[in-house]
Structure formats: structure tokens, C-alpha cells
Amino acid sequence: MSFLIDSSIMITSQILFFGFGWLFFMRQLFKDYEVRQYVVQVIFSVTFAFSCTMFELIIFEILKVLNSSSRYFHWKMNLCVILLILVFMVPFYIGYFIVSNIRLLHRQRLLFSCLLWLTFMYFFWKLGDPFPILSPKHGILSIEQLISRVGVIGVTLMALLSGFGAVNCPYTYMSYFLRNVTDADILALERRLLQTMDMIISKKKRMAMTRRTMFQKGEVHNKPSGFWGMIKSVTASAPGSENLTLIQQEVDALEELSRQLFLETADLYATKERIEYSKTFKGKYFNFLGYFFSIYCVWKIFMATINIVFDRVGKTDPVTRGIEITVNYLGIQFDVKFWSQHISFILVGIIIVTSIRGLLITLTKGMYFVSSVLLIRMSMPLEYRTIITEVLGELQFNFYHRWFDVIFLVSALSSILFLYLAHKQAPEKPMTP
Amino acid sequence: MASLDRVKVLVLGDSGVGKSSLVHLLCQNQVLGNPSWTVGCSVDVRVHDYKEGTPEEKTYYIELWDVGGSVGSASSVKSTRAVFYNSVNGIILVHDLTNKKSSQNLYRWSLEALNRDLVPTGVLVTNGDYDREQFADNQIPLLVIGTKLDQIHETKRHEVLTRTAFLAEDFNAEEINLDCTNPRYLAAGSSNAVKLSRFFDKVIEKRYFLREGNQIPGFPDRKRFGGGTLKSLHYD
């Protein structure tokens, strides 16, 4: 009986998530465009619904809501469905849509998309070989195999994104990095932009006039078509057309310049707005948060380096360790276990919420979620880990942590480099009078 | 070269509707082979014979400013775009016949362009509400062009064309529906070519021949816009 109640609760929540995903799709992602293929929307909402259910199950696990056996059953079922969608349906549809966009292969759409899918499966499988995830006990098509592969890809992506986010976040939030922009700068740049446009226009006028006089004189059309046309254009002297190609090159260069100027002006406007925003209360509040967050990001990068250098994998969950340290330092009588449970629960909640937000912004949804589950395991105290281990089988979790740290570090360092270069290059331009 | 007089016409519309292809077709009488994303603004020039075939025939340069982007852009991008809306003599609104949202967004596009003189900081203060009166009094000639006509199936054509006819009526403008990859839609002598020619003539007239305080586009109806809350009384 309780199983039925539990199932109905799960199903209602799934339907809710489905509706939410659908709405989000309509409102945010596709606000200005019309969706012609409803299949995409359905798949997105379904994936979203099942992913959210997984997180819900984790929370239930911690809170010990619902019957233990029914939880286990739902876990398995959920995992199966998600893997099915991820590995079979989504790549197939992606391939199908890509292929239908290429005009050449329009007729044999289905065939080519199947081929594409098979290629994807092959590489997906090959991905598993260099990594220590194949355990000889289980067969080929077991859940552990699929999860491990999905996990690798997902962890890589997540580490890349986290690395970039860890560096980008303090950069955007902290006003220290904001260059000072005055109205005069913007006006000067706009003037340059309009001047460039005028130059482009005058050159285009010459081209248009030349073309018109050529046309009126009945000369050969400018673009040589076919083999003989090209031979003819080599021998025939057409001063008009030579002139045109010269001017066209100048115009191309000027157009590139105008694009650059446009982007710079937009950049200046954005910076000006941010300066305005940072003077308001909300702005100051976010700036403050930004400082905290940047400290956290720096700490994460540092920890990743230490983990790799000293060949260490995080065993105890960070919150408990942090509380232990503070308790020992301050000498306060503190019921460590009690508080750590609640705090780690909140932490997991925050991770989940930010994961959902991150999910809805990034592209590869499902893999992100599965790998999140794998990594959340690290943040939770020992007693919660049992059920997850039970469901996901024997996967080499240590490997994942190491892999995450490596990729995170690489991504963070490269984005630091990238942002440094971009930041250095920009202030030089507005200085020229 | 610069001895001919010039006229500035904006080409506005959502991303991907075909503005660049259209401009290329209008100015170079050729189909654009490799359309790519327009960043910022790209300009092209068309040589137009005003009042062709009559004794008053005169040649003008028509500058077609193809402004890229979408109505939902960040306000910094909108402010940057606003620099192109100075002293505009005509506006061509382009929408995609296969995409209804692009047609609906045309209201917002026209408001963005017409409001440029009103708000100096370039930040839009309207909520995009449509005001028929404002468009009726608008001094800048508008033209509505629907693209990708070839992708509309025969059976749906009538329904789509009725919808666009209403749209053009709202703007108090002519409309042309075509396919930018096929030059025959604008072949000399076709009704589309005639409409286009008439539009350009109207733009030139407003700019050079009717000088009753119309140098600053749309100026007379600014007061009405300031009292925006009263505007809905006239609605059918």
C-alpha cells in the first residue's frame, strides 16, 4: 500500500517537473523564435523531469522520506529511463536534425542519421577503454558500463564549466576589474564608427556607379561564370572590373573595422551600465558576494592543485572537516554530528539548486546530472552514501574525483590566461584620439 | 560620385529573416551566395532613378542600412544600434513568412527605430504597445517585405498572405512578398518592382521635395507619445 502512495507521489512530482521544463523552454530559451518541431520540446521536458526526479530522490534519501524499498525501486527505474534517453534518443535526434539541415542528404535522412548514431555509439564505447572503469564482473550492456561512460563525459564537461565559472565569476562581479568609462569615450567611438560607415558608403557608391555604367555600355558581367568565362576574363582588359575588385577589398577591410568598432561600443555601453549598477545598493551587495565567491573559487583551485600534487582524494566531507577545525580552534562545545548533518544537507540543497540553474543554461543536460550525482556523493557524510553506492554499483569513484580535479584545474588556468589576454588587449583601443 | 543626392533607408527585422540577402539582391541584382551573421551594421548602395521615364527623372543614391540583431538584445546593444537610426528617411521592415514571431516583432522594431529621437540615452521606455494613430501620423515611409515565400506550401499561402496584408495595413505601408534567392520576384516590370520603385520615390519626395518641417522624422507626434496612457481610447 505504501508503495502505491510513494509511487503516486513520485509520479505527481515528475509531472510537475515536466510542466516546469516545458514552460521554461517556451519562455526563456525560445522566447524570440518559433518552435516548429515539438519533438524537441517534448524530449527536453522529459529529460528535465527525470533529472529533477533524481535529485528529488537524493533529498528523500537524506530526509528518509518514503519507504526504503520503494525508493530503491524508483532509483533504478529512473536511472534506466535517463540512460535510455541519453544514450539512445538524444544523439539520434541530434543526428537526425543535423542531417536534415544539410540539403544534399535530404532524401536519405533516416539512413544517414542512423549511421551518425552508430558512429556516436562506437566512439562512446571506445571512450571507456583508456579509463579504469571496466570491471570484469559485469557484462557488456549493464548499467554500470553505461553510467561509467556517461559519467566520464559528464564529469569532464562539468569540470570544464566549473573551471571557467570559477574564474569568470569573480571577474564579472568584482568592480575592481571595471575599467572607467566616460561618456566622452563612448561618443568618440561612435563618431569613429559613423565615419567608417561613411567611408564604406562612399566606396560602395563608386562601385554601384561603375557597375551601372558598365551595364549600360553592355559590357560583360562582372563575375566570370564557368570555365570559359574565367579564361576570357584573363585576356580581356576590363578596367572597370579591376577597379571594382580593388575597391571591394578596401570595402571588406573597412567593414571588418566597422564590426570591431560596433562590438567595442557595445562593450563600453555594457561597462557603463555595470558601473551605474555597482553604485546602487543591489550592486554593492553583489559586489560583496562577489568577493566571497572569488575567495571560494580561489580556494577550490588551490585544493584541486593540492589534491593532484599530493595524490590525495577527498574522503571526509568538507563541511564536517570545516566544523571540526573551527570547533577545535574555538574550543566551543558543539554537537558536531548534529550540526554537520543539517549543514551538509543545506549544502547539498544549494548544490542541487545551482546545478539546476547551471543545467538550464548549459547544453548537455543529462550527462551533467548523472555526473552531479556521482560527485555529490563525495559531499555527503558516510551514512548517505550507502544507497547510492548500492544503486550505481561498483564504480571507481576515486578515479572520478581525480579526473574532475585535473580537468577543473586545466580549465581554470586556461580561462585565467584567456581573460588576462582579453583584459589586457581592451584598454589600449579607446586611448587613440 | 558624391555629386548625386543621397537618401538613407533602414532595413530592420529579426535575425535570420533574410535582410542581408534582400539588400544584396536590391543593390547588386544578384543572389547572395554565402549569407552569414551580420554583426553591427552593413550598408549597401542602390542607384535609383527617381520618376523614371518622365522629364523630371533624376538619379539618387539610396543607402540601405542593414542593422543586425534581435529585439530582445541587451540594452547595451540597443544603445549601440541607436547610433544608426539618426536622420532616417525610410524604413523597410523585413519578416520571415514562415515564422510568425518575426512578424510580431516588427512592431517592436519600428518603435525602436522611431523612438530614437525621443530618448537621448537610447534606452527604450515603451513597453512595445502598438498605437495605430502613431503609425498613421508617422512621416517616415514604411515598407513591409516578407521573405522565404518559396518555403510556404501552396495550401497555406492564402492564409499567410491574408495575415501579412493585415500587418502591412497596420503600418500603413505597402507590402511585398518574395524569395531572396530568386531574382525573378523583382524583375523589371513586375508588380513588386513597381511597388519598390514607388516606395523609393516616396522616400525621396519626403526628403527633398516636401519641406514642411519634416526634416526631423516623426517629430510632430512626439507630444502624443508623451501622453501614452490615453491612447487606447480610440481602439476599435
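Just so it is clear: chains get the letters A, B, ... in the order the sequence lines come, proteins before strands, and each one is counted from 1.
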How far does [atom1] of [X] sit from [atom2] of [Y], to the nearest 0.5 angstrom?
| X | Y | atom1 | atom2 | result |
| --- | --- | --- | --- | --- |
| M197(A) | C41(B) | CE | SG | 4.0 Å |
| E63(B) | I200(A) | CD | CD1 | 11.5 Å |
| T80(B) | I186(A) | OG1 | CD1 | 8.5 Å |

Is it the backbone or the side chain of [X] that comes under 4.5 Å from a heavy atom of chain B, or both, or neither?
| X | value |
| --- | --- |
| L193(A) | side chain |
| L194(A) | side chain |
| S258(A) | side chain |

Exercise for review: Taking all heavy atoms of A208(A) and all of V45(B), pick out the closest pair and write down the distance.
Suggested key: CB-O, 4.0 Å
Practice item. Inspect the contact between K205(A) and D44(B) and indicate whether a charged nitrogen and a carboxylate oxygen are less than 4.0 angstrom apart. Key: no
**Study point:** K204(A) (side chain) donor-acceptor with V43(B) (main chain) under 3.5 angstrom
**Key:**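 Yes; judged by distance alone, with no hydrogens or angles, the pair exists.
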Practice item. Show your working on side-chain contact (heavy atoms from CB on, under 4.5 Å) between W65(B) and I201(A) and close with a plain yes or no. Key: CA-CA 10 Å; W65(B) 291 56; I201(A) 290 177; 3.4 Å; yes
Exercise for review: State whether the number of non-hydrogen atoms from other residues, nucleotides or ligands found under 6.0 Å of R191(A) atom CZ is greater than 12.
Suggested key: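 Check fails, neighbour count at 12 or below.
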Exercise for review: Compare all side-chain heavy atoms of T59(B) with those of R212(A) and state whether any distance is below 4.5 angstrom.
Suggested key: yes
Review point. Stepwise, does the side-chain contact (heavy atoms from CB on, under 4.5 Å) test hold for K78(B) with Y269(A)?
Key: CA-CA 9 Å; K78(B) 283 192 181 159; Y269(A) 268 115; over 6 Å; no
